[in-house]
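Along the sequence shown, the residues carry numbers beginning at 1.
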Amino acid sequence: MRERELNNLINELYEENKRLKRSLATQNLLFNIASILHGSNTIEVTFFSIAEKIVEIEGVEGFALYYKTEEEQRAFELAAYSIAESAIGVSFPKTVTCNSGFPFQTIPDPRALEIANKTDQIAARISAGFDTRNCIVAGTKTTGNPNGIIALKWSNSLNEPPIDNQVLDSISILVAKHLDFRNAEIRNKLNHNKIIEINRELEDKEHFLNNIINTAPIGILLVKDRVIHFVNDKTVESATYTKEELVGVHFSKFYPPGEEDTDKINRFYKEIDDNGLAKMEIKLMRKTGEPVYYEVTGTHGPNFESEKYYLLIGHDITKIKLFKNELKESEQRNRMIIESSADGIFILSIPGELKYVNWAGLNLLGYSMEELKRMKPRDLFGGYDKVKKYVQLINDLRKGITFKGDVQLTTKDGRILQVEVNTSVISLNGTDNFLFNIHDITRRKHNEQELVKAKEKAEAADRLKSSFLANMSHEIRTPLNAIVGFSNLLGQTDPDSNLRDEFVSLIISNSEILLNIINDVIELSKIESGLLELQFAPVCVDNILIDVCRQYQSKLLKDGKTNVSFRIELPRTGITPAYVIADRIKLQKVLQNLIDNAVKFINSGIITVGYVFRADKVILFVRDTGIGISPDKLQVIFEAFRQEDESHSKRFGGTGLGLALCKKLVEAMGGRIGVKSQKDVGSEFYFYLERTAVTEDELKREEMFYQAGEPELKYNKFV
């Protein structure tokens, strides 16, 4: 029994000895850490020494310390770490970022080692890049938020950490206090540096301010009770007095005799007292006796409440005063020049508001200044396209693009003026404006147009001559050759030969062709020269159409065009026929030419002639189902000597005078002619004449001219 008790006592003494040694080692470690922290090394060197001690003495595999380089940042930087030589695979991340709150536990905490094994702490370590087993990551702090992080890793073979919770708490307290002290030291140093910098800036500003005052291009004075106490160099230079002659002198000495306005001066100082700022213009006298003008701004000076100093800033405006006088004279001269100008001068603001118009501009358009200001661009320019051009011109001017060109303007009485516009940008009262110089070129444009017309007329005459010669040389030569040739054959043929009648017939038909060509040329020449005489009278359209159609029915049979039928379309039957005012012979000529064309360009089909009523007009038409006309040739065919096919190998003959003659004759009788056509479908030529009523006498004369029976019989025969 005694032996057992002795053994227990020995064991207790052994364990106590171990605890004492452990306690001494811990105390020694904490003492060493405290000594290291009180050293003057950098934080990286200090923390590395601590990490080495802990790894060496406490038997852990690795130990790391993190800190913030700046107090407000969210990332902790690795300051130092130490890893045991026997440790394998132990590492620490260089940075630990805490974007959404601090994820780790904080120490001192008596349950720190127990909390380290909780799920949220393991997850936080994994996210930050630390080991998950046998590891603790905790924040160090004294108050407030953590200022550092301690990371501790021990062997995976140990069930318990080799360092107890109390030692870990003690280390964290020492580290946290050191970091607080370091941060406070940094703040103090920064504040000290800021104070030094502020003092330096104040000295620089004071020096700078003194330089500004002395070198300022305006006069600066400090006065009390209107006695001068300080002046800068510019005041001395402007007044031509020395500084000694100015300082201590009452302001009234520098006014020209009898020009000191004491009421104005008193109001000036009262306004400073009431509002803190006041301005006035004064006239003083230099030492040389010359007048000098100042614009003075006054405010409270330094120590105003106790000393009643006023700070006066004087701007020498003598040159400005003289310049304003010169400018006023120049403005009067320029106004006289502008008002006496023959061109219209318009000035508009950038938004487009009319600012000024000279007398010539008002006279040119016929409006008063007030009327022009109320008007809109469309009233002057007229039409969407012209207003659009004006808007584009204004937009270009706003971009700095000037304009020079011709535009049209509408005057008050509705006349259209052709004007030449030159634009530029001018500055008035410091604001850019648009200047329009408008020169009336209406007469010049009219002369130019007349010259162009004369040129075009000469060119047209030249083309007409060339076309005339080209066409006539062929169209006249063809029937002449036939006449001459068959005349020779007729002379050589036996008088009893049957060929003589055929030759005579061919000679007669070609003579008629030649005669028609010559008649057309003469007729067109009369119209062009203004020598055509028309005999206007009421003409029965029905009778004209019936007679013309009777002629061409026999002509179709004679030409062998049996596949072509001829029709008349009248708007009604059994009623009084339609009458127009026209020259009967010329109207018949127009219809014959149109029907000739229809017959020429049809091999089979229908030719229809007729008329319809449109209001007070009668529209006559000739419609065929022939070869039709190309759309691009519909206007050309009414020109003299022009045809749809103008090639040398054209299929159909003709001089190209027929339609031109029709157009001239219809227009001479007060009508208009036109055409509708579709290629390979047919054509319709139409023209209108004024409808008229007839008296009984005129009706009888018309019936006497046509002795062909009752109108109804004629209608029934041809309809």
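- Minimum heavy-atom separation, Asp583 to Ile585: OD1-N, 3.1 Å.
- When the shell of 6.0 Å around CZ of Phe536 is examined, it contains more than 12 heavy atoms from other residues, nucleotides or ligands.
- For the pair Arg691 and Phe613, the distance from NZ or CZ to the six-membered ring centre is under 6.0 Å and the angle to the ring normal is within 45 degrees.
- Tyr367 is not listed as a side-chain neighbour of Thr411, based on a closest heavy-atom distance of 4.5 Å or more.
- Residue Arg567 holds its CZ atom at 10.5 Å from CZ of Arg623, rounded to the nearest 0.5 Å.
- Counting heavy atoms from C-beta on, the side chains of Phe621 and Thr608 come closer than 4.5 Å.
- Between Lys586 and Leu534 there is a side-chain heavy-atom pair separated by less than 4.5 Å.
- Side-chain contact between Ile602 and Thr625: present, with at least one pair of heavy atoms (C-beta onward) separated by less than 4.5 Å.
- The shortest heavy-atom contact between Ala598 and Val622 is CB-CG1, 4.2 Å.
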Kindly indicate, with the supporting measurements, whether the criterion side chain to side chain contact (heavy atoms under 4.5 Å, CB included) is fulfilled by Ile546 and Arg550. CA-CA 6 Å; Ile546 291 169; Arg550 183 186 294 116; 3.9 Å; yes
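- The closest side-chain heavy-atom distance from Ile619 to Phe687 is not below 4.5 Å.
- Here Ile568 contributes atom CD1 and Leu545 contributes atom CG; the two are 6.0 Å apart, rounded to the nearest 0.5 Å.
- The CG atom of Leu665 lies 8.0 Å from the CG atom of Asn593; values are rounded to the nearest 0.5 Å.
- In this structure, Val564 and Val599 have side chains that are not in contact, with every pair of non-hydrogen atoms separated by 4.5 Å or more.
- Looking only at side-chain heavy atoms (C-beta outward), Asn437 and Leu435 stay at 4.5 Å or farther from each other.
- Here the side chains of Tyr611 and Glu569 are not in contact, with every heavy-atom distance at 4.5 Å or above.
- Checking side-chain atoms of Asp542 against main-chain N and O of Ala578 turns up a donor-acceptor pair under 3.5 Å.
- Between Thr692 and Val580, the closest heavy-atom pair is CG2-C, 3.7 Å.
- In this structure, CG on Asp440 lies 10.5 Å from CG on Asn363, to the nearest 0.5 angstrom.
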Pair Ile544, Val539 - check side chain to side chain contact (heavy atoms under 4.5 Å, CB included), show working. CA-CA 8 Å; Ile544 285 280; Val539 178; 3.5 Å; yes
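- Residue Ile426 holds its CD1 atom at 9.5 Å from CG of Asp432, rounded to the nearest 0.5 Å.
- Closest approach of Val666 to Arg672, counting heavy atoms only: CG1-N, 3.5 Å.
- In this structure, Lys445 pairs ionically with Asp406, as a charged nitrogen and a carboxylate oxygen lie closer than 4.0 Å.
- Between the CG atom in Asp343 and the CZ atom in Phe436 there is a gap of 14.5 Å [rounded to 0.5 Å].
- Summarising the geometry of Tyr688 relative to Gly670, their closest heavy-atom pair is CE1-O, 4.5 Å, with the distance given to 0.1 Å.
- Ser683 contributes no side-chain N or O that, together with a main-chain N or O of Asp624, makes up a donor-acceptor pair within less than 3.5 Å.
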Show the numbers, then the answer: is there a side chain to side chain contact (heavy atoms under 4.5 Å, CB included) between Phe601 and Ile629? CA-CA 10 Å; Phe601 296 109; Ile629 305 168; over 6 Å; no
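- Scanning all heavy atoms of the two residues, the minimum distance from Ser349 to Asn433 falls at CA-OD1, 3.4 Å.
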Side chain to side chain contact (heavy atoms under 4.5 Å, CB included) between Val548 and Gln588, worked out: CA-CA 7 Å; Val548 170; Gln588 191 168 3; 3.9 Å; yes
